[in-house]
Structures are given as structure tokens and as C-alpha cells.
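Heads up: numbering here begins at 1 and tracks the sequence. Any value given below was found using the heavy atoms of this structure, including those in side chains, with hydrogens, waters and symmetry copies removed. These numbers were taken from a predicted model, which means no experiment stands behind them.
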Amino acid sequence: MSPKHDDIYASPLGELSDFRFDQDVVEVFPDMIKRSVPGYATIVGMIGNLAERYAQTGTNCYDLGCSLGAATLAMRHRIKAANCPIIAIDNSSAMVKHCAKVMAADSGELPVELICSDIQDVDISNASVVVLNFTLQFIDINQRCAILQRIYAGLRPGGVLILSEKVAFDDAPHHELMIELHHNFKRANGYSDLEIAQKRSAIENVLIPETLEAHRERLKQAGFASSDVWFQCFNFASMIAIKE
């Protein structure tokens with residue numbers, strides 16, 4: 001069945017509420033993410049590729065902020081290491097409920113444990129792969145360092161963190177250019193100027209982007225000796241950080 005068309009912001013809304021991952025968003029999420037995030041399919045596919053490379057036998061893989069399980073599925077179908085379950089976590093009960101249906105209908109055999117919880121409240125242990133795929137950007141900036149420190153502590157040597165984020169830029173003209181190119185991408189995918197404006201207003205206090213330099217510095221502070229960008233399109237990027 002084709003994903004439901006995202007028209008949440010298609011009509012004028014007198015009073016805009018902050019963006020939430022509620023049932024309305026769950027129903028249109030595959031369409032929303034496809035039409036809103038340039039390179040999303042490539043990032044998800046390569047998460048599976050990276051997980052295949054770095055997953056270690058007898059360890060855990062984590063998808064933190066799993067939404068409907070796209071990254072979980074990518075890992076599930078690429079990991080070859082034995083005894084390597086995936087733990088998928090999201091704090092939206094609507095997302096987790098729908099994700100459970102997605103996993104039940106999937107043919108993959110790798111065990112998946114779904115948890116409805118804030119990622120700050122879940123222990124990361126015996127991990128070889130941890131994914132934060134457009135998740136950290138929704139966490140309070142003051143809590144981000146602690147999350148990365150807990151991930152680093154829970155990773156085994158040779159383990160990796162895959163961190164995808166919407167990013168900002170220090171150079172103001174370049175920052176505005178990347179925003180405009182992103183909006184053009186959304187227009188090309190059928191979003192109206194009204195939809196773009198209303199979505200931006202709804203999400204601006206919820207999704208707080210940072211520069212790649214800020215992410216590198218925080219990863220270094222958390223303990224990662226090696227981290228860098230492996231994918232970027234406009235103001236969306238994905239990084240890989242390796243624990244030595």
C-alpha cells in the first residue's frame with residue numbers, strides 16, 4: 001500500500017502548535033520524510049552497509065529514535081554477524097506501535113526489540129553499532145553531550161556511532177543558501193510555499209540544528225578520537241564516529 005500523502009500543513013492553520021510525532025504524523029511519515037529530507041534513502045541504505053561492516057558477533061545494535069524503523073530494517077537485512085540483536089527505541093507511542101507492525105510484516109530474521117522510551121532513559125551496553133538518524137536534533141542542546149558520552153561508554157572498541165542531522169552553518173549567506181536550496185527541494189516534491197512556511201514555524205522550536213564543527217567537537221569531548229562526514233546534501237549530513 002502506498003504511503004498516505006502528507007497534507008498536514010496544506011491548509012492555513014490559525015494557530016500553529018509545535019511539531020509532534022503524533023498519530024497524524026505517523027500516518028504520513030514515509031511520504032513526509034521522502035519529500036522533506038534530501039538523500040534520506042541513500043543515508044538509510046548506507047546505514048545498513050555500515051552496520052554490516054561494523055557489527056560484531058555477540059553485541060547489540062541500537063537505533064535511537066527509530067520512528068517507523070527504516071534504519072532498523074536496513075541493519076536487519078545487512079548484518080551478518082551472529083547473535084547481534086537490534087534494539088530500537090522511540091519515545092512516540094504512535095511511532096512504536098506502527099513500527100511493531102512494520103517489523104512483524106518484515107521477512108528479516110535478526111531479532112528486534114522495540115522499546116517506547118526516551119533515549120536518555122535507556123542503557124547502552126555491549127554495543128557495536130549505534131544509530132542516531134535525525135534524532136539528536138530534537139534533544140535539548142544541554143542534554144546532547146551526556147547522550148553521546150553514554151553511547152561512547154556503551155560501545156565496544158571498534159564500534160561506531162552513525163549520526164545524521166540537519167545542520168547549520170556559521171557563514172550567514174551560506175546558511176541561508178542551504179535553507180533556500182532545501183526549500184526548493186521541497187517545492188520540487190510538491191510542497192507549497194504555505195506548507196513550507198507552516199512546517200518551518202511548527203518545527204523551529206523543536207528541531208535545533210548545529211554546525212558540523214559543533215558536532216565534531218561534542219563527539220571529541222565524548223571520547224571519539226575519529227569522526228567525520230560521510231554524506232551531505234544541502235543542510236542535511238551524516239557522520240560516522242569510531243571508538244578505538
Nearest atoms (heavy-atom pairs only) where C84 meets S128: SG-OG, 4.5 Å

What heavy-atom pair brings Y191 and M32 nearest, and what distance separates the two atoms? OH-CA, 3.5 Å

Does the side chain of T72 pick up a donor-acceptor pair with the side chain of D63 at under 3.5 Å?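 Result is yes, a qualifying pair exists.
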
Between S164 and N133: side-chain donor-acceptor atoms closer than 3.5 Å: yes

Any side-chain to backbone donor/acceptor pair from [X] onto [Y]? Under 3.5 Å, distance only.
{"X": "H175", "Y": "F169", "answer": "yes"}
{"X": "Q137", "Y": "K166", "answer": "yes"}
{"X": "S227", "Y": "A241", "answer": "no"}

Before accepting this row, confirm whether a basic side-chain N of the pair E195/R187 lies closer than 4.0 Å to the acidic partner's carboxylate O. no

Are R144 and D140 ion-paired here, with the side-chain N under 4.0 Å from a carboxylate O? no

Verify the cluster assignment for L155 and L136: are they in a single hydrophobic cluster under the rule of side-chain heavy atoms below 4.5 Å apart?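 As far as the 4.5 Å side-chain criterion goes, L136 and L155 are connected within one cluster.
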
Per the salt bridge (charged side-chain N to carboxylate O under 4.0 Å, His left out) rule, what does the pair list look like for residues 68-97, sequence neighbours excluded? E52-R78, E52-K80, R76-D106

Please output the side-chain donor-acceptor pairs of residues 44-51 that fall under 3.5 Å, not counting sequence neighbours, one pair per line with the distance.
none

Using the ring of Y40 (Phe, Tyr or Trp, six-membered ring only), decide whether K34 places NZ or CZ under 6.0 Å from its centre and within 45 degrees of its axis. no

